[in-house]
Amino acid sequence: MNMKNHIVFPIALMFFSAVSVANAATSLGVFGDWEAYTERDGDKLVCYMGAEPTKTRGKYKVRGKTFVLVTHRPADKSTNVVSVQAGYTYKKGSETEIIVGKTTTRLFVDKRHAYAYDSKADNNLVKSMARGAAMTVKGTSSKGTLTTDTYSLKGFTAAYKAISAACKV
């Protein structure tokens, strides 16, 4: 088990706490290089999983935490939402690429996060992640610095099954 991954979720919880300040996350467990959680957004259940990169590359001096999340919000009929926290502000108008095997998915950027353009892209990306062994995320900072982050997909499927069961999706 990679102890580095245990650092990601205090950051992820801060991301989610902007939505649900008073609600604490409940761990569903550590699955390989991924962790899974549930929490409440008011009376709505939210289930999510995430991981930090196993390798980062780029000519940057300072960079914040970076991670990938997959989130289910069944009360909002929202499942498989993939998001990337860059650890920096993305270059305005740029896109981020997620590469799994031979499949490349482009994501739009919004300040420090990147998201798939639609639910079909999210669903296809999750399917690729479940079949893959590794994933590469490429982005460009507001200063023009290209970053390449590599994520292990070990434990992805088990974590995904845990959040899907918890949210009954």
Side-chain angles (χ1 to χ4, degrees), residues 1-56 64-87 96-105 107 110 112-137 139 149-169:
M1 175 173 30
N2 184 345
M3 295 306 291
K4 179 176 147 183
N5 287 340
H6 295 287
I7 299 169
V8 70
F9 290 99
I11 302 299
L13 293 177
M14 286 191 297
F15 172 74
F16 280 100
S17 67
V19 176
S20 55
V21 173
N23 301 317
T26 302
S27 175
L28 296 174
V30 176
F31 304 88
D33 292 321
W34 290 78
E35 293 185 55
Y37 289 85
T38 63
E39 72 174 65
R40 294 268 170 197
D41 180 6
D43 63 344
K44 298 175 182 178
L45 183 63
V46 178
C47 303
Y48 60 95
M49 58 186 272
E52 286 187 319
T54 55
K55 182 179 179 183
T56 60
K65 291 289 182 187
T66 183
F67 51 87
V68 171
L69 297 175
V70 176
T71 306
H72 295 325
R73 293 177 174 272
D76 298 331
K77 296 183 180 10
S78 173
T79 59
N80 294 342
V81 176
V82 177
S83 60
V84 177
Q85 162 68 37
T96 293
E97 291 182 342
I98 295 182
I99 303 149
V100 182
K102 295 180 180 180
T103 303
T104 298
T105 305
L107 286 73
D110 181 22
R112 298 178 68 85
H113 298 89
Y115 305 94
Y117 283 97
D118 56 36
S119 60
K120 182 179 178 183
D122 274 325
N123 291 332
N124 288 337
L125 185 52
V126 167
K127 286 177 188 174
S128 293
M129 293 164 78
R131 290 189 303 260
M135 174 175 73
T136 302
V137 178
D149 302 319
T150 303
Y151 290 81
S152 165
L153 294 173
K154 179 182 177 190
F156 179 90
T157 300
Y160 181 78
K161 286 180 181 178
I163 67 168
S164 295
C167 271
K168 297 177 175 60
V169 296

* Starting at OG of S83, measure out to CZ of R112 and round the result to the nearest 0.5 Å. => 13.5 Å

* For the pair Y48 and Y37, name the ring-plane relationship: parallel under 30°, tilted 30 to 60°, perpendicular over 60°. => parallel

* **From F67 atom CZ to M49 atom CE, the distance as rounded to the nearest 0.5 Å** => 13.5 Å

* Which pair of heavy atoms, one from A114 and one from T96, lies closest together, and at what distance? -> CB-OG1, 3.8 Å

* Please step through side chain to side chain contact (heavy atoms under 4.5 Å, CB included) for the pair E52 and K65, ending with a clear verdict. => CA-CA 8 Å; E52 286 187 319; K65 291 289 182 187; 3.5 Å; yes

* To do: Might you point out which heavy atoms bring A36 and F31 nearest each other, and give the distance in Å?
  => CB-CE1, 3.8 Å

* Rounded to the nearest 0.5 Å, how far does OG1 of T38 lie from NE2 of H72? -> 12.0 Å

* Can you name the closest pair of heavy atoms from P74 and V169 and give their distance? -> CB-CG1, 3.9 Å

* Asked: Which distance, rounded to the nearest 0.5 Å, do you find between the CE of M129 and the OG1 of T157?
  -> 9.5 Å

* Structure fact -> Exactly one candidate in L153, I99, T103 meets side chain to side chain contact (heavy atoms under 4.5 Å, CB included) with M135; the answer is L153

* Asked: Which value, rounded to the nearest 0.5 Å, describes the distance between L28 atom CG and S164 atom OG?
  -> 10.5 Å

* Heavy-atom closest pair, residues A166 and L45 -> O-CD2, 3.3 Å

* Report yes if the side chains of N124 and T105 come closer than 4.5 Å at any heavy-atom pair, otherwise no. => no

* **Worked verdict on Y151 versus V137 for side chain to side chain contact (heavy atoms under 4.5 Å, CB included)** => CA-CA 8 Å; Y151 290 81; V137 178; 3.6 Å; yes

* Between CG of L125 and CD1 of I98, what distance do you get to the nearest 0.5 Å? -> 4.5 Å

* **Nearest heavy-atom neighbours spanning K154 and S152** => N-OG, 3.0 Å

* Asked: Going by heavy atoms in the side chains, are K44 and D76 under 4.5 Å from each other?
  -> yes

* Compare every heavy atom of S27 with every heavy atom of G29, then report the nearest pair and how far apart it is. => N-OG, 3.0 Å

* Using modelled atom types only, decide if a donor and an acceptor are shared between the side chain of D122 and the backbone of V82 within a distance under 3.5 Å. => yes

